[in-house]
Structures are given as C-alpha cells and as structure tokens.
2 protein chains.
Amino acid sequence: MFSKSCEYAIKAMIFVAQKSKDDNRVGIKAIAKGTDAPEHFMAKIMQDLSRRKLIHSVKGPNGGFYMDKADLKTSIASIVKAIDGEVIYTDCVLGLKVCSEKNPCPVHFEFKEIKKNLIKMIENNTIADFNDKLDSGKFFLKNK
Amino acid sequence: MFSKSCEYAIKAMIFVAQKSKDDNRVGIKAIAKGTDAPEHFMAKIMQDLSRRKLIHSVKGPNGGFYMDKADLKTSIASIVKAIDGEVIYTDCVLGLKVCSEKNPCPVHFEFKEIKKNLIKMIENNTIADFNDKLDSGKFFLKNK
DNA sequence: ATAATAAAAGATAAAACTATCTTTAATTTA
DNA sequence: TAAATTAAAGATAGTTTTATCTTTTATTAT
C-alpha cells in the first residue's frame with residue numbers, strides 16, 4: 001500500500017507525538033528503537049519530514065525531534081504525500097498514463113469507490129487521533 | 001497498489017480473453033503491443049501465469065496464449081495472488097510482523113474496512129466481466 | 001572558548017524490481 | 001524430415017528502493 005519509507009514515517013510521527021508532550025524531544029536512536037526501524041534509514045526519513053515542516057528538530061545536547069500543537073493536526077494523508085507523493089491520488093491501478101472518467105481502464109470504476117474511501121480516511125485521521133489510542137496500551141508501533 | 005508486473009498481468013489476462021474468442025490464440029508480440037508493455041518482460045509474466053494455470057499456451061506455428069471457458073472465470077484476486085502473493089491479504093499497513101485484532105497497529109481498524117472492500121471487489125470481479133466492457137469500446141488497456 | 005551532543009548531509013552499498021537480450025525446446029506445416 | 005514459428009528458459013543489465021557508514025554543522029553546557 002505504502003512504501004517502507006512511508007510506513008516508517010507514519011510510525012515515527014505517531015511515536016514522536018507520543019513522546020513530545022511537555023516540550024520533550026526525542027533523539028533519532030529512540031525513534032528508531034521505538035518503531036523497530038533501522039536507525040540511519042530512519043534518520044533520512046526524519047530529515048525529509050523536518051524539511052517539509054511536518055516535524056521540528058533541534059541540534060545539539062538535549063536536541064532531538066518534537067511536534068508542536070499545530071504539527072499534531074497533521075493528517076496521515078499529509079505524511080503519505082510528503083514521502084510517497086500523490087500516487088494514490090492520481091495513479092491508474094493498471095498503470096495507464098491517462099485514466100479518467102472519459103478514458104477509463106477496465107477496472108477504473110470498480111476502484112473509484114475504494115480509492116475514495118481510502119483517501120477520505122487518511123485525510124480525516126490526524127496524528128493527534130492516535131495519541132489517545134497509544135496511551136490506552138492496546139495499540140502497538142512494533143512487535144515483541 | 002499493485003506491482004508493475006501485476007498491472008501487466010491483469011491487462012494481459014483481459015487482452016487475451018478478449019482475443020481468444022473462437023479458439024483463437026495470441027502471440028506475445030500482440031499481447032505486449034495491445035497492453036503497452038515491454039515484450040520480453042511481458043513474456044516472463046505470461047510464463048508465470050501459464051505455470052500457475054491461469055492461462056494456456058501452445059508452442060509452435062499458430063501457437064500462442066489463450067483462455068478456455070474456465071479461465072474466464074478467473075478473478076482479479078487470483079491474478080494478484082499469483083503475481084504479488086498474499087500481501088494485500090496479510091500485510092500490516094505499517095509493516096508490523098504481527099498485526100491483528102488483538103495486537104493491532106494504530107491504524108489497523110481504520111484500514112480494516114478499506115481492505116475488506118478492496119478484497120471483496122477483486123474477488124467478485126472476473127476476467128469475463130471485463131470482456132463486455134471492452135467490446136463496448138469505452139474502456140482502454142492502453143493510451144493513444 | 002572548548003568539549004560534548006545530536007541532527008544534517010554526503011557517500012556508498014545491498015537488495016528488489018523492472019527490463020532486455022539470447023538460446024533452447026516444442027509444435028506445426030510443407 | 002526439414003524449416004518455420006512461437007513459447008520457455010537462461011543470462012545479463014539498468015533502475016529504484018532500502019539500508020548503512022562517515023563526515024559536517026549547529027547547539028548547549030562547562
């Protein structure tokens with residue numbers, strides 16, 4: 001569904017949101033460990049998210065990544081767009097360069113509804129929405 | 001959503017179904033051209049589909065690929081499983097190795113419904129269903 | 001100022017996916 | 001049985017994605 005990078009990005013955003021209450025910051029090591037991701041690879045993704053202003057960072061001692069109130073309102077869709085681009089919005093399921101209502105591939109209308117629901121869902125769910133869930137202890141960002 | 005190979009496979013199945021009326025056979029060149037796919041790459045995919053009995057083939061002059069009555073009942077889901085495996089059935093959206101009702105990732109329940117509808121759709125739509133559509137001339141397997 | 005810390009950036013490498021080219025094997029027709 | 005045809009199989013190559021390692025830059029505390 002999403003690229004590996006995007007999976008890590010979503011998990012990292014949820015993780016940092018969780019940890020950055022009371023102006024706390026989280027280092028890349030903790031993020032990697034907490035999301036079961038390779039540290040250096042995750043560092044790259046965090047840089048991407050930071051450059052795109054989905055998250056904030058501070059260098060130096062006591063530095064790390066954190067999210068402010070506004071960042072918490074980020075939707076899953078924004079993360080997906082930042083990392084994977086607009087593919088799930090625009091791309092044809094069968095790979096046609098032009099696939100539209102007027103020039104549809106054979107499965108165009110069958111997938112239309114599915115895609116619409118998927119997009120609606122990722123746009124309506126924000127990082128903040130997942131904070132409470134994680135607090136409950138019934139949801140997980142990694143195994144074991 | 002699906003791999004490039006899988007996109008080609010679905011298009012090829014629809015194309016061959018379309019062309020294999022009255023015991024006709026289609027060569028790999030025609031399939032590649034008719035689906036806008038690289039010939040040698042498509043040949044590999046056709047071999048896969050043939051090995052997995054989703055399609056039939058005959059070597060030699062007047063040979064090629066064709067589908068019988070039973071083949072036409074193949075669902076999109078069967079093609080996806082043959083080429084991409086069970087990923088869309090089993091894999092966690094955030095990449096958790098174990099992600100279930102009892103051990104869910106944060107987005108598990110949000111994606112549950114989406115996935116259910118997607119699977120239902122690809123299981124209920126068969127190759128035969130697309131034959132009529134293509135006959136109508138209002139649907140396309142390639143651009144231009 | 002200096003040393004320590006931690007993100008940012010750059011360079012490299014491994015793996016997977018996509019694509020191409022060449023050879024072989026099977027089948028048909030003449 | 002020989003030539004032509006076409007799928008099957010094998011070998012190679014390019015591209016993208018995923019991952020790792022090293023160096024640099026910014027910040028803080030001493």
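Predicted, not measured: the structure shown is a model, and the values here were computed from it. To find a chain, count down the sequence lines: A is the first, B the second, and so on, and within it residues start at 1.
Contact of A:Q47 with C:dA9 (side chain to base): a donor-acceptor pair of N or O atoms is detected under 3.5 Å.
A salt bridge links B:K133 with A:E110: the distance from a Lys NZ or Arg NE/NH1/NH2 to an Asp or Glu carboxylate oxygen falls below 4.0 Å. Under a 4.0 Å N-O distance rule, the pair B:E39/B:K33 does not qualify as a salt bridge. Under a 4.0 Å N-O distance rule, the pair B:K21/B:D135 qualifies as a salt bridge.
The side chain of B:S50 contributes an N or O atom lying less than 4.0 Å from OP1 or OP2 of D:dA8. Taking only side-chain nitrogens and oxygens, B:S57 comes nearer than 4.0 Å to OP1 or OP2 of D:dA8. Applying the 4.0 Å criterion to OP1 and OP2 of C:dT18, one finds that B:Y8 has every side-chain N and O outside that range.
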Are any protein N/O atoms closer than 3.5 Å to N/O atoms in nucleotides 28-30 of chain D? If there are, list each pair with its distance.
none

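Residues from residues 36-44 of chain B that place a heavy atom under 4.0 Å from any atom of DNA chain C, listed by number: B:P38, B:H40, B:F41, B:K44.
Remark: P of C:dA26 and CZ of B:F65 are 16 Å apart, rounded to the nearest angstrom. Taking atom CZ of B:R51 as the reference point, atom P of D:dA8 lies 8 Å away to the nearest angstrom. Spacing between atom NZ of B:K53 and atom C1' of D:dA8 amounts to 13 Å, rounded to whole angstrom units.
Aromatic ring orientation, A:F109 versus B:F139: perpendicular (interplanar angle above 60°, classes split at 30° and 60°).
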Less than 3.5 Å apart, which donor and acceptor atoms pair up between the side chains of residues 77-89 of chain A and the rest of the protein, not counting sequence neighbours?
{"from": "A:S78", "atom 1": "OG", "to": "A:S75", "atom 2": "OG", "distance (Å)": "3.0"}
{"from": "A:D84", "atom 1": "OD1", "to": "A:S3", "atom 2": "OG", "distance (Å)": "2.6"}
{"from": "A:D84", "atom 1": "OD2", "to": "A:S3", "atom 2": "N", "distance (Å)": "3.1"}
{"from": "A:Y89", "atom 1": "OH", "to": "A:E123", "atom 2": "OE2", "distance (Å)": "2.7"}

